[in-house]
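Since the structure comes first, as structure tokens, the remarks are kept for the end.
Heavy atoms only: backbone and side chains are in, while hydrogens, waters and symmetry mates are out.
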Amino acid sequence: MSVLEINQLSAFYGKARALNDISIKLDKGEIMAVIGANGAGKSTLLDSIVGLTRTTGDIRFEGQLLNECSAADIVNSGVGYATERFNLFPYMSVYDNLMVGAYTARDDVEQNLELVYDLFPRLKERETQETGTQSGGERQMVSLGRALMSSPKLLLIDEPTIGLAPKVCLDMAAALRDLNQSTSLTILITEQNVNFAMSLAQNLHVLETGMIRMSGTPEELKANPDLNKAYFGSS
Amino acid sequence: MPNKITKKLKRFACLIAVTAFTASSAYADGVKVGFIGSLSSDAGLSALRGAQIAIDELNAAGGFNGEPIEYVKADTREDVTEGIKAYEYLAESEEVDFILSGSIDDVSLGWLPRMKEFRIPTLDTWTSYIGIIDMVIEDYEGMKTYFMNVASDEALATLYVDFGRDILAKKMGWDSVVILHEDTAFGGAINGLVSELLAPESGIEVLDTIVYDTATVDFSPIFNRAVDTGADFIYLISSVNSQVVSSQYTKLQVPKAMTGVNVAALGQEYWEDTGGEGGGISTLSPVPSVGFALDPASQEFVNTYTAKYGDSRPRFPHFNGFNAYWGIKQAFAAAKDAGGFDPDAWPQEMLKQDIKLEKDGEIWLRYGFWQPGEVEERTGRTYPHNIKFDITPPYDNGAPSMVVIQWYENGETAVIYPPKYATGEFAVPSWVK
Amino acid sequence: MLQILIQGLLLSGLYALIAVGFTLIFSVGRVLNLAYGAYLVIGGYVYFYFAQSLGLPKPLVMAMAVVCGCLVGVLKYRLIVKPLKGNHVAVEISTLILAVVIQAGIVLLFKDSPKILHPIVSGVWRVGGATITFNILTAAVSSWLIFGGLYLFVRKTHTGRAMEAVSMDTKGAVISGIRPDRINLITWGYIWRLGCNCRGIFCELYPAFPGYVGCAVNHCGCGGYRGWYRFDLGYLAGGPYYWIHGNYFNLFDRR
Amino acid sequence: MTNPTKKYLLLWAIFIAVMLLLPEFVSKGTLRTIIFANFLAIFAISWDVLSGRTGYISFGHPFLIGIGAYTSAILSYRFDMPIELSIPLAVLTTTIGGTLFFLPALRLKGSYFALVTLAFMELMYQLVQVIRPDLTGGTRGMSGIETITRGAVNNYYLSFALMVTIAISMWLLMRTRFGSALSAIGMNEESVRGSGLSTTKLKLAAFMTSAFIAGLGGAFYVHYLGSIAPRALFDINFLFTIIVSALIGGAATIIGPMFGALFLTILLEALRPILPGVERYLIYGSIALIVYMFKPQGLVVLVLDTLDKLRSIISSRS
């Protein structure tokens, strides 16, 4: 059974249509990436999955229809979300941020905390620092950590590499791969950084102006001349 | 010739029409009395009800010129603008003939320009601001429909000086005071009068004057400052939220006696409002006040009042309830002599009204008015259209302007000065050594 | 001077507690609650009516004030704040109207003269030139206790943290599985409780007086300025401010 | 001139004609009520120019009205300055003085702005009593200030002329690009800034316009009342009527505040004979609350919606 199945999803801001007829399927343990330029609708897609936009079409999580559920219910049922702008609580410490993440999974706090600190040892060192004063990379870690604190079965990550130094990008990719392998967590990421996405994901979709243009494995896409033109310059 | 006759005829017809018109507007649909004042304050309600009782009695005796007297009320909510609206409502919507006011100072000042415009006979029972009497002196023609049925605030200072000399200085042996007064026009005016007169007339020196904001809720720093001056007693002047300052005096057990002017303590409800924590103070009070022995006529009024209103506050009329009751009686007596509430004729007759209430063969209270030009000897000034008060012993020429009343710690009250009206003794609270 | 220092020190916690109530609503719901003054006033009248007029035991009345405060707060949230959700101006204006309605209601029931509330603990203590009532001491101690409890609640419980989270970043809170609605509801209920609580402790100082409906808003608002977002000692800055405000005009010679 | 503008001008003309004929048909008492409604409408329009349009809620309008009223009152009462001079001076003082005070506040956003302006009102209340009570009259205020004219009818025409002049000027002003820019700030300040306009300058201009009207209204108001006291102006109830008039009628319109002011004033007066006491304010406040909760966009929108519905019902039938 697929973890996430999206059928003919469209999303709207007022009367404007931000997503058009998207269909995606994620299997358990899979890492999938949605790549696209700014404004292609990547964030809207993830927001729609957790019920933050007005949509038509079906979104099923573990077979259950999510469309009518509130964001809190969706998170509670096992969808973790690390947003593009992190949406951290700037005047709270790293620890408190993580603890807010544990709001729906109060029984697993210790276990999840250990997982997060293992994954990002830096967070343990900076446990008491307020996140408002941290660097972009650290905040990304807190954001991921907070999403993990809710014991998710599906993790949505919006542009994990945005604003990160290349070295940190590599660490991040390693951490995510590690996470995926050790816990067989299903992950859906969005990216502009095609290389990063291809190094991580088993399947990719290319999003343009709210529609899926191409889909396939990294190898298939690399072979596609259109994509090469759009994302790797000439060649 | 025929032309001249028609002219004369026309003139005659006009005259008849005009007379008929005035007559119809003044008498045909009876006389209307308007009440202006706060319908949620004890003092406002006292005046409202006092007037109501007087009107009921007048109506029972046949009304005015055979027509029943109508009574309409307009709430000011102690808000200046609402007061103006209320006055306009009474004057132009209800077209009342006479207005009885239970408003406070700034509200009365707010509608006074309207009174001058409409020229409606108006009797104030609560506002005691001497500035309004000054306006009567300066602009008699414009202000002559105004009467003030309570002693103006200048009169009380004088009585206080006498009290200071006789009781505080002579009996208690005190010779220094610290004045605590709220930052209002009232506070400032009384303070000016009292502090000017105390030292020369009673031999009591004013060591310090502390002015506090009316919104003050924590009086401990102020009381401490007062105690630090080393004065023999505290003289308080408070008209706004006076319950607060006197209850804190009790709670803090301030080790100095406190007397002065405390407006809240003038009514019986003071005890309930302070939850019994307001004893041990004395205050100057207009008459009749709590603890004031009543003459038979006023007692009868009180009996009617308590029978009718005894189960809602104020259960016992404040001083202005009496002022309103007698004031209505006087206003109608004057109207009878003047043939109605004509703005020119009525004031002439109102000035002649003089009700002398006697107790045990002595003049006890008096409802009359100072005439224009009549000089009060002690203060050396005139008080036209103000109630005729008497501030010189033996108080046989008018009502006492004020008395001093004492709230004992057990909640009992008595008049303690002047001696003619005294029913009890001046006392300091138990925690003052 | 000694008096001013001691008094200021003792009362800071209390004033801060009042500021916290106002500020919590502002930071969690992003709404200026202009009826906050009314909460304080209602608490006072509940105390006056039940404890002083009817003579019920004071602890019972305090508990009643808390319970009925919670109820009214929740009602208000359900009937006014929630239907206008998303329109902050509308909520602010309706709290303003509500303040006026409550004020009229109080005057209708109790007339307009101030009611003096009895201290919970009576007696005074003189230190040097200063006078301290036992009641202020009690009030100071209990306000610090409540303040401490509130601090622990916000910092150490999931609900408390959620309140803070909603105030800092609503989307962040939502994607952590928090329902801002519910947190808002809890906060409004809590604030009423806090308001009435403060009022109970506060009875030493403030008489119950309808006029305070308006002015308390001013005080609370300015007092809580410092602590909009975080629950920390910043709130305490509201204390001295508040106290100075209450005494500002007396600190100078007004002659 | 476009057709809709012609239609609106016609509506204005009809409105003015009706109002001018009103004294023939209603009692003096009613006229007195409408005079207050006219002044309230002026204050509500003044509030709306700033707050209704830009979304910056001002709780400090009594402060501005107070400056206008007190300046003119003091100049004419204490210094015997003729009204013709004291009113323009008062308007000038309000515009300049108010701007100086509010300038720092305009940098604040949303509720912070509201809070600071509320503090201004409180400040003014205290200052009037403490500073130079020999001029301001302290807590008791001043009484016997020169009035412009006497009698209900004269004052009705005066207040109406003033109100309608202000209303039409504002109506014209709001139809310019300035007006639409202000409304745009109310919807999304960021995007206005993004489009290259200086929002600070726009807000400042809106504020000065607002202060100008408040000062003008305040000065005429005090010469209508003939008296002034701090409690009459710097009071939460006065603030309440101004804001609620604008909002209950319909913010960001001209007819809205006028209609709201008339509605509130007449409602309160209509309740007087039935409920003379404080119950009146309870009912009045509750009605305002319910109406506002039911239709936060205002009564004018409600009326228009109803008309639209009726029209569609009629057209569907025919």
Side-chain angles (χ1 to χ4, degrees), chain C residues 22-23 25-27 29-35 37-38 79-84 86-112 210-225 228 245 248-249 252 254-255, chain D residues 51-52 54-57 59 108 110-123 125-127 129-131 133 186 231 234-244 246-248 251 264 275 277-298:
Chain C
F22 185 76
T23 315
I25 286 286
F26 181 79
S27 51
R30 283 297 140 82
V31 167
L32 279 183
N33 178 16
L34 295 171
L79 296 180
I80 293 182
V81 181
K82 205 164 174 219
L84 292 173
N87 189 345
H88 290 178
V89 172
V91 174
E92 278 169 18
I93 301 303
S94 18
T95 57
L96 174 71
I97 306 181
L98 192 70
V100 170
V101 172
I102 291 180
Q103 189 173 354
I106 290 173
V107 174
L108 187 63
L109 288 175
F110 292 96
K111 301 284 186 278
D112 66 357
Y212 291 134
V213 169
C215 65
V217 168
N218 264 339
H219 296 187
C220 297
C222 305
Y225 239 137
W228 281 142
H245 185 104
Y248 177 78
F249 292 95
F252 298 91
R254 287 172 81 94
R255 265 174 293 168
Chain D
S51 303
T54 65
Y56 278 70
I57 302 298
F59 285 136
L108 298 169
S111 303
Y112 295 89
F113 177 78
L115 209 56
V116 170
T117 51
L118 191 64
F120 276 126
M121 185 176 83
E122 173 77 11
L123 183 75
Y125 179 65
Q126 297 283 1
L127 287 182
Q129 299 178 48
V130 178
I131 295 183
R231 281 202 310 139
F234 312 114
D235 178 61
I236 194 164
N237 285 304
F238 185 50
L239 173 70
F240 159 85
T241 28
I242 296 173
I243 298 184
V244 175
L247 291 173
I248 218 172
L264 281 189
L275 300 167
V278 72
E279 304 90 343
R280 194 156 64 106
Y281 295 93
L282 193 69
I283 302 291
Y284 159 82
S286 307
I287 291 179
L289 186 62
I290 292 166
V291 170
Y292 184 65
M293 293 283 304
F294 177 65
K295 203 82 194 171
Q297 302 94 321

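With sequence neighbours excluded, the residues satisfying ring-ring contact (aromatic ring centres under 6.0 Å, His included) with D/Y56 are D/F113.
Remark: D/I248 CD1 to C/I93 CD1 distance equals 11.0 Å, nearest 0.5 Å. If you take CD1 on D/I287 and CD1 on C/I97, they are separated by 12.0 Å, rounding to the nearest 0.5 Å.
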TODO: Test side chain to side chain contact (heavy atoms under 4.5 Å, CB included) on D/L289 and C/I80 and set out the steps.
DONE: CA-CA 9 Å; D/L289 186 62; C/I80 293 182; 4.1 Å; yes

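For the residue pair D/E279 and C/L108, the shortest heavy atom distance occurs at CG-CD1, 3.5 Å. Here the shortest heavy-atom pairing between D/N237 and C/Q103 reads ND2-OE1, 4.5 Å.
Residue contact with chain C, scored on non-hydrogen atoms closer than 4.5 Å, involves the side chain of D/I57 exclusively. If you measure heavy-atom distances from D/L282 to chain C, the contacts under 4.5 Å come from both the backbone and the side chain.
Here D/Y292 is the residue among D/Y284, D/Y281, D/Y292, D/F59 with the most heavy-atom pairs under 4.5 Å with chain C.
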